[in-house]
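Below is one structure; the comments refer to it alone.
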2 protein chains.
Amino acid sequence: MGEVRVLLVDDHPVVRAGLRAMLTGFDGISIAAEASDGRAALHELARLAALGGMPDVVLMDLQMGEGMDGVTATAEIRKLHPAPPVLILTTYDTDADILAAVEAGASGYMLKDAPPEQLRQAVLQAAAGGTALAPRAAALLMDRISNPGTSLTPREVQLLELLATGLSNRAIARQVFISEATVKTHLVHIYGKLGVDNRTAAIAAATQRRIIRPPGARG
Amino acid sequence: MGEVRVLLVDDHPVVRAGLRAMLTGFDGISIAAEASDGRAALHELARLAALGGMPDVVLMDLQMGEGMDGVTATAEIRKLHPAPPVLILTTYDTDADILAAVEAGASGYMLKDAPPEQLRQAVLQAAAGGTALAPRAAALLMDRISNPGTSLTPREVQLLELLATGLSNRAIARQVFISEATVKTHLVHIYGKLGVDNRTAAIAAATQRRIIRPPGARG
DNA sequence: CCCGCAGTCAACCTTTTGGTTGATCCCGTC
DNA sequence: GACGGGATCAACCAAAAGGTTGACTGCGGG
């Protein structure tokens, strides 16, 4: 039957070379095109569509040094008409990454340290319209539906962001026009929800869970 | 002959495949062996030594999911007798990573998003006993020797990293086996050099200037 | 051989944070 | 119309962090 044609999206030439070598080594899988960021991926898809054939699956990295990130690109791709399934292939398996990817409409979530055979299975599965999840991704989603979970309120997230810029309680208070007492109250709530007991740990935890962006944005 | 024989050390099969494909595609470079972490790399070196030939260069990732990390492995390799040069190939270019690598005795520091040709040059250079540095790494080291006073010392960077994980002064003190008083002294120096006056601002500043990786950036 | 600097530590004091209790207000929902 | 949660604030105390001064060590360069 037909070959499964893959669009590779990753900003590292080394990783693209690895995936190319690995995937083309499998029977029934070929590389349709490659892109180094989300924007380029969309261009490639437009080009391929014009040439008559969408790829059967997009293999997408989440962390892109510059340009459009993987989550945004995935969401954009889902809007296309012959929308190819997007299989996320990334380095990290944090809650926020997994959740963001699934929310964006990814068909799967695999890790770069997965053995080649698992990767092959995942690509074929996604191309066939199925789902492929790394063990931890699957576990997280199961846990999520059984456990709604305590999440931060928008206000708390806002204060957390200011916190991460290095502002004192007083400075934060002035910034958002509330009293220092209120800032402290919010922080106590935040610490409780994040399971920490000081501001630096809160920043670390919130950054890790991608609740806030790292201070001094980078890919 | 004159082939440059490389030992690949990276925990990701995909990346190893990429490097293998890329490097073997170059004339004069071949893969002697591969390892998925520092410990395995040392085993491979012992095995290769027994078989009569150390590799001409070790291409080492810094962030290893599990097992011995790249810095430790690099330091260990330097203790060997026919010690092959170690070329670091990693994702991040923060001061902390660069300094740690250089201190451990690395012969070069390259980033994974480097174009293939640059990578080839770096491998050949390292194998020939030379040095290969990514622009930012080179700039950092130049800056260090021209104005040592204004930049952070390795010790200060180390404490900064612990700070960013959310540890208290006491916890940091215990972690590095010094007194809390000393931690405070270091922090005061750090604040002065970064132009801030509290720990969260220090984390923000240090992250922004890429002195440390963002809190929670996992290996 | 001396100097400077990184690194170590102590004592002391001020400011900031962390943690608690309790209260008011508003806005949805049951 | 009662209930609960989010947001707001105050007062208070304990703990941690910030800042200063001063001192000792070890090491490399002039």
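Here the structure is a predicted model, which means the values were calculated and not measured.
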Fill in: Derivation of the side chain to side chain contact (heavy atoms under 4.5 Å, CB included) call for B/Val9 and B/Asp37
CA-CA 6 Å; B/Val9 189; B/Asp37 85 306; 5.8 Å; no
Atom-to-atom span, [atom1] of [X] to [atom2] of [N] - whole angstrom:
X: A/Glu180; N: D/dA11; atom1: CD; atom2: C1'; value: 13 Å
X: A/Arg170; N: C/dT14; atom1: CZ; atom2: P; value: 16 Å
X: A/Leu159; N: C/dG18; atom1: CG; atom2: P; value: 13 Å
X: B/Glu156; N: C/dT8; atom1: CD; atom2: P; value: 10 Å
X: A/Phe177; N: D/dC9; atom1: CZ; atom2: C1'; value: 17 Å
X: A/Lys193; N: D/dA7; atom1: NZ; atom2: P; value: 8 Å
X: A/Ile190; N: C/dG19; atom1: CD1; atom2: C1'; value: 15 Å
X: B/His189; N: C/dC9; atom1: NE2; atom2: P; value: 14 Å

Practice prompt. Indicate whether any N or O donor in one side chain lies under 3.5 Å from an N or O acceptor in the other, for B/Ser179 and B/Thr182.
Written response: yes
Worksheet entry | B/Gln63 side chain to B/Thr90 side chain, donor-acceptor N/O pair below 3.5 angstrom | yes
Discussion item. Regarding A/Asp113 and B/Arg16, does a basic nitrogen lie under 4.0 Å from an acidic carboxylate oxygen?
Written reply: no
Discussion item. Testing B/Val71, B/Ile77, B/Asp10, B/Asp69 one by one against B/Met60 for a side-chain contact (heavy atoms from CB on, under 4.5 Å), which residue passes?
Written reply: B/Ile77
Discussion item. Using 0.5 Å steps for rounding, measure from the CD1 atom of A/Ile203 to the CD atom of A/Glu161.
Written reply: 11.5 Å
Worksheet item: How long is the span from the CD1 atom in A/Ile172 to the CG atom in A/Leu163, to the nearest 0.5 Å?
Response: 5.0 Å
Fill in: N or O in side chain of B/His186 less than 4.0 angstrom from C/dT8 OP1/OP2
yes
Worksheet entry | Phosphate contact (D/dC9 OP1 or OP2) by A/Thr182 side-chain N/O below 4.0 Å | yes
Discussion item. Could you walk me through whether A/Lys112 and A/Asp61 satisfy the salt bridge (charged side-chain N to carboxylate O under 4.0 Å, His left out) test, starting with their C-alpha distance in whole Å, then the side-chain angles of each, then the deciding distance to 0.1 Å, before giving a yes or no?
Written reply: CA-CA 9 Å; A/Lys112 282 184 185 168; A/Asp61 188 15; 3.4 Å; yes
Fill in: Nucleotide of C/dA6, D/dC9, D/dA16 approaching B/Thr153 most closely (side-chain heavy atoms)
C/dA6
Item to complete: Give the nucleotide from the list D/dA17, C/dT17, C/dC9 with an atom nearest to the side chain of A/Ser168.
Response: C/dT17
Listed pairs, N/O of protein and of nucleotides 18-22 of chain D, under 3.5 Å:
unit_1: D/dG18; atom_1: OP1; unit_2: B/Tyr191; atom_2: OH; d: 3.1
unit_1: D/dG18; atom_1: OP1; unit_2: B/Arg199; atom_2: N; d: 2.9
unit_1: D/dG18; atom_1: OP2; unit_2: B/Tyr191; atom_2: OH; d: 2.7
unit_1: D/dG18; atom_1: N7; unit_2: B/Lys184; atom_2: NZ; d: 3.2
unit_1: D/dG18; atom_1: O6; unit_2: B/Lys184; atom_2: NZ; d: 2.5
unit_1: D/dG19; atom_1: O6; unit_2: B/Lys184; atom_2: NZ; d: 3.4

Discussion item. Quick check on A/Arg39: does its CZ atom have over 12 non-hydrogen neighbours (other residues, nucleotides or ligands) under 6.0 Å away?
Written reply: no
Can you check nucleotides 23-30 of chain D for protein contacts, nitrogen or oxygen pairs under 3.5 Å, and list what you find?
none

